[in-house]
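Just below is one structure, and these are the notes that go with it.
Counting convention: from 1, in listed order, for ligands and their atoms alike.
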Amino acid sequence: MKQIKVYGGNTLKGTIKISGAKNSAVALIPASILSDDIVKIDNVPNISDIYALNEILEFLGAEVTLEDGIMTINPKLIENKEVPKEISSKLRASYYFMAALLGKYKHVEMYFPGGCKIGARPIDQTLKGFEILGAKVKEENNKFIIDAEELIGGHVYLDMPSVGATINTMLVASKAKGLTIIENAAKEPEIVNVATFLNNMGAKITGAGTSEIRINGVEKLHGCFTEVIPDRIETGTYIIAGALLGNNLKIDNIIPEHVESLTLKLVEMGVDMDIGNNYIIINKCENPKPVNLKTLGYPGFPTDLQQPVTTLLTKCNGVSTLEETIYENRFQNVPYLNEMGADIDIIGKKIKIKGPTKLYGAKVTATDLRAGACLILAALVADGETIITDIEHVLRGYENLIEKLTNVGAKISLEEI
Ligand code: EPU
């Protein structure tokens, strides 16, 4: 077990270089097995979710290397085997293998995926997409057995713009006969990254990044090279750190447009930022104004930044509100923030944050990835020492977190307990 110890209150100065996006990389890696030849993916973050996907690739018989952020995957010797539950339940993204194996072999057996416990997280829209494309889905004790005599393009309307269902449908449709149209598709930048990767392999996808994606299936996909986009959630997390404690803190190697829903809110709060082509320089905001926020699919305010931004809202001068519309259980950070001195009420799907409040060091728990990020931000700004347990959740998603924060002046260390 690992925990983090933080001494709060230090100014953050210098540069943080953002890594490749977790939520892109975890889809690109399973997508690679659709290729008949070697693929290379650059800017792969060194995080534990990636090790879990490697384990699945190697279990299936792929040859994988990861050197200097470049992952090389040779899928030529892959066998279509049932991935053991212990491996697939480590992360949500294991279900991208479900789609990739179905697309390639027209048969797959796999368990329900894992992931942070932030809500029910059903996969009905993914399964609906598979069925519309000609697959038959059987479920026995949380295991899915999915077969298709033939995969044939179809018209898939998603009940909600699900990131996972959009990507899974694109993966299968790339190998189905004829045209698939996804309506009400998710528009996240990670979807554009995956569509570009598939197109580099020879797929024919248009409209990724809009709510209607068209995919003309092809028989074969070939080797290619691609790059993971910068992580917009890591970017947002460090931007928030800058608004709390920055002195010309530079967040570098980013796509500013991907975090506009955050930066425009920070402008409303009165935060001082210099936004360049691929960086943002940010300073601590002495007296931020309160704001109202609501999570939505891209380009709305991302649910994955909802918990991190809550720490900043505790410093706003007045009452802020935040509504979570994507997950049922994403306020597990709130009781811990209150223990540290915050004044937050949970009212159904909303929280009401009264500020400004001083935060004090405490012993708290990272219940999930972004709750942990929220508590790290709180610890950085708090008076005294904070210990955050169950930090493994956070290490799943933030590359070199300790080094990046230490390099800009934070007092933070990782301990084995
Ligand atoms: N939903 C359904 N049925 C489905 C699919 C989704 O009801 O078949 C619901 C979910 O229960 C949820 C909402 O729709 O309430 C959104 O789910 P979505 O499918 O968009 O999310 P996901 O693909 O499971 C990815 C990220 C999440 C991120 C969401 C939303 C990965 C591996 N995960 O999840 O990231 O919150 O999109 O942007 O890409 C994180 O990084 O901390 C994280 C949880």
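The minimum heavy-atom distance linking N329 with K117 is given by the pair ND2-O, 3.9 Å.
Between E140 and K138, no side-chain nitrogen of the basic residue sits less than 4.0 Å from a carboxylate oxygen of the acidic one, so the salt-bridge criterion is not met. For K22 and E399, the salt-bridge test fails: no basic side-chain N is under 4.0 Å from an acidic carboxylate O.
A distance limit of 4.0 angstrom between heavy atoms and ligand 1 selects the residues K22, N23, V26, R92, Y95, I118, R121, P122, I123, D124, Q125, T126, M160, S162, V163, G164, T303, D304, I326, Y327, R330, L369, R370.
Using cut-offs of 30° and 60° on the angle between ring planes, the pair H258 and Y298 is perpendicular.
A cation-pi arrangement is absent between K404 and Y238 under the rule of less than 6.0 angstrom and at most 45 degrees off the ring axis.
Although no hydrogens or angles enter the test, the distance criterion places a donor-acceptor pair under 3.5 Å between the side chain of N80 and the main chain of H107.
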